[in-house]
> 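Structure in structure tokens, see below.
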Amino acid sequence: MSCLLLVALLASSFPPPVVNAQSPQVTVSIKAPALVLLDSEFTATVGITQVENLDASSYDVSFDASVISIVGVTSGEINGVQVPVDIWSTHEGEPGRITIVQNLPGLAGVTGAGYLAKIRFKVVGAPGRSTSITPSNGVLGNNQAVAIPANWVGAAVQVTPHQVATVSINAADQVFVGSSFVATVEV
């Protein structure tokens, strides 16, 4: 019995294991229409779920350049605050990869959900072809220069020969009870 008592005393003197508080709770995801028309243009949104004190981001977006080509990248918005695109560039020798770098002005950062950027593509591939639009090498930083863990999720598009009316709702993946959020409907 004294052995059991000693084991119980030792076990109670050590704190329980701590769950990793740094596990990713933020999700950055590409949102794009599933079907796109040959020779048309479409927008892929780089959405972000609830994030705290975001100050900067840097990430690559990859795609099959024989199916879609990059037209341009515009700034995002989180909780009514513009998230400027400081730099976006293609990679020499890698036509299907761009890098996007963003930094909010000042040191306040932004808290909320929304989108980091909008990427405009032109469809150049033949009907039936498809491509994934994949984020990689993603880094988010807060206003204390600390990395914000995140899950990065891609999307896929397929070229169709027929006009397809696509309706999509762009809204935060998560919202807090009692908070407000903006949802946009794109046709």
> Below 4.5 Å, heavy atoms only, C-beta onward: do Ile119 and Thr43 meet side chain to side chain?
no

> Keeping the roles fixed (side chain from Thr49, backbone from Thr27), state whether a donor-acceptor pair exists under 3.5 Å.
yes

> If you look only at pairs with a residue in residues 62-82, which of them pass as a salt bridge (charged side-chain N to carboxylate O under 4.0 Å, His left out), with sequence neighbours excluded?
Asp64-Arg129

> Check whether Tyr115 and Phe42 end up in the same hydrophobic cluster, where Ile, Leu, Val, Met, Phe, Trp and Tyr are linked by side-chain heavy atoms less than 4.5 Å apart.
no

> Is there a side-chain contact between Ile48 and Val46 (heavy atoms, below 4.5 Å)?
no

> Which pair of heavy atoms, one from Ser69 and one from Phe63, lies closest together, and at what distance?
CA-CE1, 4.4 Å

> Taking the side chain as everything from C-beta on, heavy atoms only, tell me whether Val26 gets closer than 4.5 Å to Asn151.
no

> Over all heavy atoms of both residues, which pair between Val124 and Ile68 is shortest? Give the atoms and the distance, please.
CG2-N, 3.8 Å

> Using the rule that Ile, Leu, Val, Met, Phe, Trp and Tyr join whenever any side-chain heavy atoms are under 4.5 Å apart, tell me whether Ile78 and Val28 fall into a single cluster.
yes

> Given side chains that start at C-beta, do those of Val85 and Thr74 come closer than 4.5 Å, heavy atoms only?
no

> For the residue pair Pro127 and Leu38, what are the closest heavy atoms and their distance?
CD-CD2, 4.2 Å

> Consider side-chain contact (heavy atoms from CB on, under 4.5 Å). Of Val157, Val71, Ile70, which one does Phe121 pass it with?
Ile70

> Considering non-hydrogen atoms only, spot the tightest contact between Pro84 and Ser75 and give its length.
CA-OG, 3.3 Å

> For the residue pair Val159 and Leu37, establish whether any side-chain heavy-atom pair is separated by less than 4.5 Å.
no

> What pairs of residues pass the side-chain hydrogen bond (donor to acceptor under 3.5 Å, both in side chains) test when at least one of them lies in residues 92-107, not counting sequence neighbours?
Ser57-Gln102, Tyr59-Gln102, Asp60-Arg97, Asp60-Thr99, His91-Arg97, His91-Thr99, Glu94-Arg97

> Keeping the roles fixed (side chain from Thr111, backbone from Asn53), state whether a donor-acceptor pair exists under 3.5 Å.
yes

> Answer yes or no: is there a side-chain heavy-atom contact under 4.5 Å between Asn143 and Leu104?
no

> Over all heavy atoms of both residues, which pair between Ile30 and Ala44 is shortest? Give the atoms and the distance, please.
CG2-CB, 4.0 Å

> Report whether Val67 and Val61 are members of the same hydrophobic cluster (ILVMFWY, side-chain heavy atoms less than 4.5 Å apart, transitive linking).
yes

> Tell me the closest heavy-atom pair linking Asp55 and Gly106, and the distance in Å.
OD1-O, 3.5 Å

